[in-house]
Amino acid sequence: MTIYEQTKTSIRKVIDTALLKALKLGELSFSALPDYGLEEPREKEHGDFATNAAMLLAKEAKKPPRAIAEIILSHMNTEGTYIKSAEVAGAGFLNFRLDPAYIREILSVVEAEGDRFGRVNVGEGKKIMVEFVSANPTGPMHMGNARGGALGDCLAAVLDWAGYDVTREFYINDAGNQIEKFGKSLEARYIQALKGEDAAEFPEDGYHGEDIKERAAAFIEKNGDGLLAADSETRKKALVEFALELNINDLKKDLEKYRIFYDIWFRESILHENGAARQTVDELIQRGHAYEKDGAVWFRATDFGEAKDEVLVRQNGFLTYYAVDIAYHKNKFIDRGFDTVINIWGADHHGHVARLKGAMKALGIDPERLEVILMQLVRLVSGGEVVRMSKRTGKSITLKDLLEETSIDAARFFFNMRQANSHFDFDLDLAVEQSNENPVFYVQYAHARICSILRLLSEQGVTVLPVAELALELLSTPQEIELMKKLADFPETIRQAAQLREPSLITRYAMDLAAAFHTFYAACKVNSEDKELTAARLKLCDATRVTLKNAMQVMSISAPEQM
């Protein structure tokens, strides 16, 4: 248990014992102990923790909440606990003030756990997959992929820190309409490169980017003009196989540069080749959830709350993307045994969520095991203006372009500063600014400043001592107490971020911890004339360094020792 869990358990034991004693003496009447809250008050003057137990009992006990709170207070035995005092407040709250010794224990925890401090076991080893980015392999990744990459990777790290068995997966759409369009585009550019612009008409709905021309030219450089004599299908197939592998390799390189390393790159084509997609459609028919009509196969989506049924197999016999997506998710749950699957999608996929969950239910899979995080668009801003074009190419901005304009640290940090469902303006000017206004600089500077303190004192022969050799009771100023409380928040923040699927909590935590440290540093001289106080404060600095570094590790942000 965390420091806060241990402390709250101790306080609850005191409250429950007092309630049961009052019940035994006939001073209160109730059928069961209430499920009361025990939280930190927003206002610090109200103490360290407060409970609404008396207010929840008022109706059954037929007494005013304040009177009940007074009875509870009269029977509380706080001996052997960190409770320093308790009082009745407001409409009937019980406020608790604790001996600061309870929060100083956090320094022992950080010392013992080191680079594992913050890890909890919410997940209990359950298998969970996070599928994110999954960009179309027919071209480069755009800004939405950049945001999805940072969000997905940080969420996966949070879940790992929370005790889940996490798999990161990229789904490669290497089949279907977009690949057919890719092949037609490559074929046209291939013929044009060899025989001139007028030799082949470029498809109106084709991919017009320069990357298509580059892939066709690369194929010619390696393989020559031999495909001119081949039939169209053979030509397209060869060009797609060649270009697709180059594109996928580029995706991997760009994502690895962005510090994203996938466990699995899953190809859609496998579901076609091994018959899994067709078998899934057949299973839906056998279960009575799909039917044939007008030469097509339809999913009974209306049985699962949708306004209309959905096509699974077109009249031409081709599977729809929807059908293949159902097979892909069946593979995740049934074939590979994931307990939970999390997809991070763009907000434009909103309508697909309920349809896919309905299909899971039709296959006998609990739809609650499928979670979809919808991500809003991001705008790149510089000089107060929205930036739409890359300086390098004059085209729409890609992940590669972004990382040329700013650092990987800034990109990952900024993209995790907001909830996925919120629109976000990425301020390029702020991201490269070396000032406290830049949040990633602010956090990294706190870590570097601590490293500088440790380095300078080490040169003077003052090193970080074990907790057992320190007079931690000297850490008593409000700034020291607040900094230790913030350290103690880290495991709980990991827990909440995992349970809420909200990695932005880690970014905000890092900013809050940095702020608490900067406040402490401004108010408390670390290298004081009192050697014992210096040793205690140095320990607090080092615990903060460890915690900041761990938080940045979760975000895959570097923790510089000098700036």
Side-chain angles (χ1 to χ4, degrees), residues 3 40 42-44 100 103-104 106-107 109-111 115 117-118 407 409-410 412-414 416-418 427 429-460 462 464 470 472 474-494 497 504-528 530 533-555 557-563:
I3 292 292
E40 292 183 74
R42 291 184 180 180
E43 304 297 329
K44 294 179 182 178
I103 202 63
R104 296 186 190 114
I106 195 61
L107 299 183
V109 176
V110 178
E111 177 181 281
D115 60 8
F117 172 64
S407 69
D409 287 340
R412 292 187 61 108
F413 196 97
F414 274 49
N416 265 307
M417 285 175 59
R418 302 283 187 278
D427 190 332
D429 303 322
L430 181 61
V432 297
E433 188 176 297
Q434 294 195 348
S435 76
N436 287 342
E437 297 301 313
N438 179 352
V440 67
F441 178 88
Y442 186 70
V443 170
Q444 289 178 319
Y445 182 63
H447 183 270
R449 172 177 266 179
I450 296 170
C451 291
S452 176
I453 293 168
L454 295 171
R455 191 164 51 248
L456 289 172
L457 284 175
S458 179
E459 290 170 359
Q460 299 174 31
V462 181
V464 179
L470 298 171
L472 294 184
L474 297 176
L475 300 175
S476 57
T477 68
Q479 295 83 6
E480 290 163 334
I481 298 298
E482 282 306 306
L483 181 52
M484 286 186 284
K485 282 184 176 181
K486 187 51 64 178
L487 294 177
D489 281 343
F490 187 43
E492 185 59 28
T493 302
I494 291 287
S504 67
L505 292 178
I506 307 302
T507 315
R508 290 201 287 273
Y509 172 80
M511 293 165 65
D512 290 345
L513 179 57
F517 173 75
H518 290 308
T519 300
F520 153 78
Y521 184 76
C524 304
K525 187 177 180 181
V526 178
N527 190 12
S528 68
D530 184 333
L533 180 58
T534 295
R537 285 179 173 169
L538 191 61
K539 187 68 173 182
L540 177 54
C541 287
D542 192 51
T544 306
R545 175 193 64 80
V546 169
T547 308
L548 269 173
K549 187 175 182 179
N550 289 357
M552 287 189 277
Q553 182 185 335
V554 174
M555 296 182 283
I557 306 293
S558 62
E561 297 186 3
Q562 292 182 337
M563 290 181 72

Q) Judged by atom type as modelled, is there a donor-acceptor pair below 3.5 Å linking the side chain of Thr544 to the main-chain atoms of Leu540? A) yes
Q: Identify the two heavy atoms, one from Phe117 and one from Leu487, that lie closest to each other, and give their separation to 0.1 Å.
A: CZ-O, 3.3 Å
Q: For residues Val526 and Leu457, determine if any side-chain heavy atom of one lies less than 4.5 Å from a side-chain heavy atom of the other.
A: yes
**Q.** Carboxylate-amine/guanidinium proximity below 4.0 Å for Lys539 and Asp542
**A.** no
(Q) Give me the atom names and distance for the closest heavy-atom approach of Met417 to Arg508. (A) O-NH1, 4.1 Å
Q. Are the side chain of Arg545 and the backbone N or O of Cys451 linked by a donor-acceptor pair below 3.5 Å?
A. no
Q: Evaluate the side chain to side chain contact (heavy atoms under 4.5 Å, CB included) criterion for residues Tyr509 and Lys486: first the C-alpha distance (whole Å), next the side-chain angles of each, then the deciding distance (0.1 Å), finally the verdict.
A: CA-CA 8 Å; Tyr509 172 80; Lys486 187 51 64 178; 3.6 Å; yes
Q.
As a test of understanding, state which of Lys549, Met552, His447 forms a side-chain contact (heavy atoms from CB on, under 4.5 Å) with Ile557.
A. Met552
(Q) Under a 3.5 Å threshold, yes or no: a donor from one side chain and an acceptor from the other, between Glu433 and Ser435? (A) yes
Q: Taking all heavy atoms of Thr507 and all of Asn416, pick out the closest pair and write down the distance.
A: OG1-O, 2.9 Å
Q. Parallel, tilted or perpendicular: which describes the rings of Tyr442 and His518, with under 30° parallel and over 60° perpendicular?
A. tilted
Q: Measure the shortest side-chain to side-chain distance between Ile3 and Pro491 over non-hydrogen atoms and say whether it is less than 4.5 angstrom.
A: no
Q: Using modelled atom types only, decide if a donor and an acceptor are shared between the side chain of Arg104 and the backbone of Leu472 within a distance under 3.5 Å.
A: yes
Q) Has the side chain of Ser558 got a donor or acceptor atom that lies under 3.5 Å from a matching backbone atom of Pro560? A) no
**Q.** Shortest non-hydrogen contact between Ile506 and Ala497, atoms and distance
**A.** CD1-CB, 4.0 Å
Q: Measure up the Phe520 and Phe517 rings against each other and bin them: parallel (under 30°), tilted (30 to 60°), perpendicular (over 60°).
A: tilted
Q: State, yes or no, whether a side-chain contact exists between Thr477 and Arg537 at a heavy-atom distance under 4.5 Å.
A: yes
**Q.** Glu480 side chain to Ser476 backbone, donor-acceptor under 3.5 Å
**A.** yes
